[in-house]
Amino acid sequence: MLQKDNQSRELLVIFSAFPRAGMSSTYNYVNTLKEVSGNKLFILDDFGYQKRGVYYLCERGSFGVRDAVEELITKVHLEVNATQTTYIGSSKGGYAALYFGFRLGATNVISGAPQYFVGEYLRAEPERMPTLTSMLDKISETNIQQLNNLLKKAISGKKAPTIYLHYSDKEHTYKSHIKPLLEQLTDEEIEVERDIKQYVSHADVRNYFPPYLLQVLAKIRGEVS
């Protein structure tokens, strides 16, 4: 879903998180950003098991989804003649914002409570296993590790966007995902502006991320100090 702003050369690319149980994928942060100017590209991840999403990466072991996403973003980037790009998302969408932000050279990435090791995250809970199966087709340790290493490889050696990272250091994904992500960013000497909260449930990111998102966009645009 592309919302054009002919007065702007800024492009916001917004990725979706997993939907709630029993629901198929939906666009995220449409209402949050409705009063925000700029060209806005909302990308739906309605692939895989029950159309719940595949991290914008792969189905049945083929990375055609990733290739199509990159082709779409590149096309829209040229179409709106963007001079500044900001990739946005939380949880699964936060992973995608980082992954594609590094691969496609985004100006900024605003990511909320992202995963870092996709394979580990999906196989950690039985209800996520159908998604993992739909992505890989064949479950093997080699294939899971391939998924785990995708973001690490995307970050390594690339020119870094400006990273704005929101997370809680009290919820369960902090030690297993946020901490190793931060360690790599530190090792790569990539500066990160952190917004650290203390909520316990990962699902609460949807309550804390929207105001942070608006705050960062205002800062990027020089509307606040």
Side-chain angles (χ1 to χ4, degrees), residues 1-2 13-32 41-73 87-104 109 111-154 167-168 171-178 180-181 200-207 209-210:
M1 181 169 65
L2 176 60
V13 181
I14 304 96
F15 300 92
S16 295
F18 275 122
R20 295 181 185 180
M23 298 178 64
S24 57
S25 184
T26 58
Y27 295 109
N28 282 178
Y29 303 118
V30 177
N31 287 334
T32 300
L41 175 62
F42 298 88
I43 306 180
L44 193 65
D45 182 9
D46 58 351
F47 301 94
Y49 175 70
Q50 296 182 341
K51 296 187 175 183
R52 291 176 57 78
V54 293
Y55 278 83
Y56 299 86
L57 292 173
C58 54
E59 282 190 298
R60 297 180 296 278
S62 169
F63 282 81
V65 173
R66 176 186 65 189
D67 297 342
V69 169
E70 293 189 338
E71 182 180 344
L72 173 64
I73 294 172
Y87 289 27
I88 296 164
S90 61
S91 194
K92 175 172 70 72
Y95 173 94
L98 286 165
Y99 181 72
F100 291 104
F102 274 92
R103 284 176 60 91
L104 298 179
V109 170
S111 178
Q115 286 79 56
Y116 183 60
F117 299 117
V118 169
E120 293 300 327
Y121 183 74
L122 291 175
R123 74 171 170 182
E125 298 290 342
E127 64 266 23
R128 300 183 197 135
M129 284 299 296
T131 295
L132 183 62
T133 301
S134 69
M135 291 173 68
L136 295 180
D137 194 28
K138 180 182 178 182
I139 302 293
S140 70
E141 193 62 31
T142 298
N143 289 340
I144 289 173
Q145 292 308 318
Q146 180 189 17
L147 280 184
N148 284 340
N149 290 328
L150 286 174
L151 182 52
K152 181 178 181 179
K153 288 181 178 179
Y167 60 91
S168 167
E171 62 114 332
H172 74 281
T173 68
Y174 172 72
K175 289 184 178 179
S176 54
H177 294 277
I178 300 298
L181 169 62
V200 175
S201 171
H202 179 74
D204 283 342
V205 64
R206 63 175 171 257
N207 300 318
F209 184 67

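Numbers here are sequence positions counted from 1. Since we're looking at a predicted model, the values are computed, not measured.
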- [ ] Apply side-chain hydrogen bond (donor to acceptor under 3.5 Å, both in side chains) to R66 and Y99, showing your working.
- [x] CA-CA 10 Å; R66 176 186 65 189; Y99 181 72; 2.9 Å; yes
TODO: Kindly indicate whether the side chain of I73, heavy atoms from C-beta on, has any atom under 4.5 Å from the side chain of Y87.
DONE: yes
- [ ] Mark yes or no for whether S201, through its side chain, and A203, through its backbone, hold a donor-acceptor pair below 3.5 Å.
- [x] yes
TODO: May I ask you to decide if G53's main-chain N or O and D46's side chain share a donor-acceptor pair within less than 3.5 Å?
DONE: no
Open item on the list: Quick one: does any side-chain atom of S25 pair with a main-chain N or O of D45 as donor and acceptor, under 3.5 Å?
Closed with: yes
- [ ] Determine whether I178 and P114 make a side-chain contact, defined as any pair of heavy atoms from C-beta on separated by less than 4.5 Å.
- [x] yes
- [ ] Could you give me the CA-CA distance, side-chain angles and deciding distance for Y55 and Y95, then say whether ring-ring contact (aromatic ring centres under 6.0 Å, His included) is met?
- [x] CA-CA 8 Å; Y55 278 83; Y95 173 94; 5.4 Å; yes
Task: Side-chain heavy-atom pair L136, I144 within 4.5 angstrom cut-off - done: yes
Task: Side-chain donor/acceptor of Y56 to backbone N/O of S16, under 3.5 Å - done: yes
Task: Salt-bridge present (E141, R123; N to O < 4.0 Å) - done: yes
Task: Reported CG-to-CD distance for the pair N148 and Q115, which is rounded to 0.5 angstrom - done: 11.5 Å
- [ ] List the atom of G94, the atom of S111, and the distance in Å for their closest heavy-atom pair.
- [x] O-OG, 3.0 Å
TODO: Starting at CD of E127, measure out to OH of Y49 and round the result to the nearest 0.5 Å.
DONE: 10.5 Å
TODO: Drop me the distance from L181's CG to Y167's OH, to the nearest 0.5 angstrom.
DONE: 9.5 Å
Open item on the list: Side chains of L98 and Y116, heavy atoms from C-beta outward: is any pair under 4.5 Å?
Closed with: no
Open item on the list: Using 0.5 Å steps for rounding, measure from the OG1 atom of T142 to the CG atom of L147.
Closed with: 11.5 Å
Open item on the list: Can you confirm whether Y174 is buried at OH, in the sense that more than 12 heavy atoms of other residues, nucleotides or ligands lie under 6.0 Å from that atom?
Closed with: yes
Task: Intermediate values then yes/no, side chain to side chain contact (heavy atoms under 4.5 Å, CB included), S134 and R60 - done: CA-CA 6 Å; S134 69; R60 297 180 296 278; over 6 Å; no
Open item on the list: With a 3.5 Å distance limit and no angle check, can you tell me whether E59 reaches the backbone of G48 through a side-chain donor-acceptor pair?
Closed with: yes
Task: Least distance between heavy atoms, N28 atom then A17 atom - done: OD1-N, 2.8 Å
Open item on the list: Checking V200 against H172 for the side chain to side chain contact (heavy atoms under 4.5 Å, CB included) test, could you report, in this order, the C-alpha distance in whole Å, the side-chain angles of both residues, the deciding distance, and whether it holds?
Closed with: CA-CA 7 Å; V200 175; H172 74 281; over 6 Å; no
Open item on the list: Within the 4.5 Å heavy-atom criterion, are V118 and Y121 side-chain neighbours or not?
Closed with: no
Open item on the list: Quick one: does any side-chain atom of H177 pair with a main-chain N or O of F117 as donor and acceptor, under 3.5 Å?
Closed with: yes
Task: Whether R52 side chain and P19 backbone form a donor-acceptor pair below 3.5 Å - done: yes
TODO: Please examine the side chains of M135 and V65, heavy atoms only from C-beta on, and report whether any two atoms are closer than 4.5 Å.
DONE: no
Task: Between S140 and N143, a side-chain donor and acceptor under 3.5 Å - done: yes
Task: Any side-chain heavy-atom pair of K153 and R103 under 4.5 Å - done: no
Open item on the list: As an exercise, state the distance from NZ of K152 to CG of L150, rounded to the nearest 0.5 Å.
Closed with: 12.0 Å
- [ ] Flag the pair V69 / F15 as yes when at least one side-chain heavy-atom distance between them is below 4.5 Å, and no otherwise.
- [x] yes
- [ ] Could you grab the distance from atom CZ of F100 to atom CG of L72, nearest 0.5 Å is fine?
- [x] 10.5 Å
- [ ] Go through Y27 and I14 one step at a time and tell me if the side chain to side chain contact (heavy atoms under 4.5 Å, CB included) criterion holds.
- [x] CA-CA 8 Å; Y27 295 109; I14 304 96; over 6 Å; no
TODO: State whether a side-chain donor-acceptor pair under 3.5 Å links Y29 with S90.
DONE: yes
Open item on the list: Testing the basics here: between S91 and H202, what is the closest heavy-atom pair and its distance to 0.1 Å?
Closed with: OG-NE2, 2.7 Å
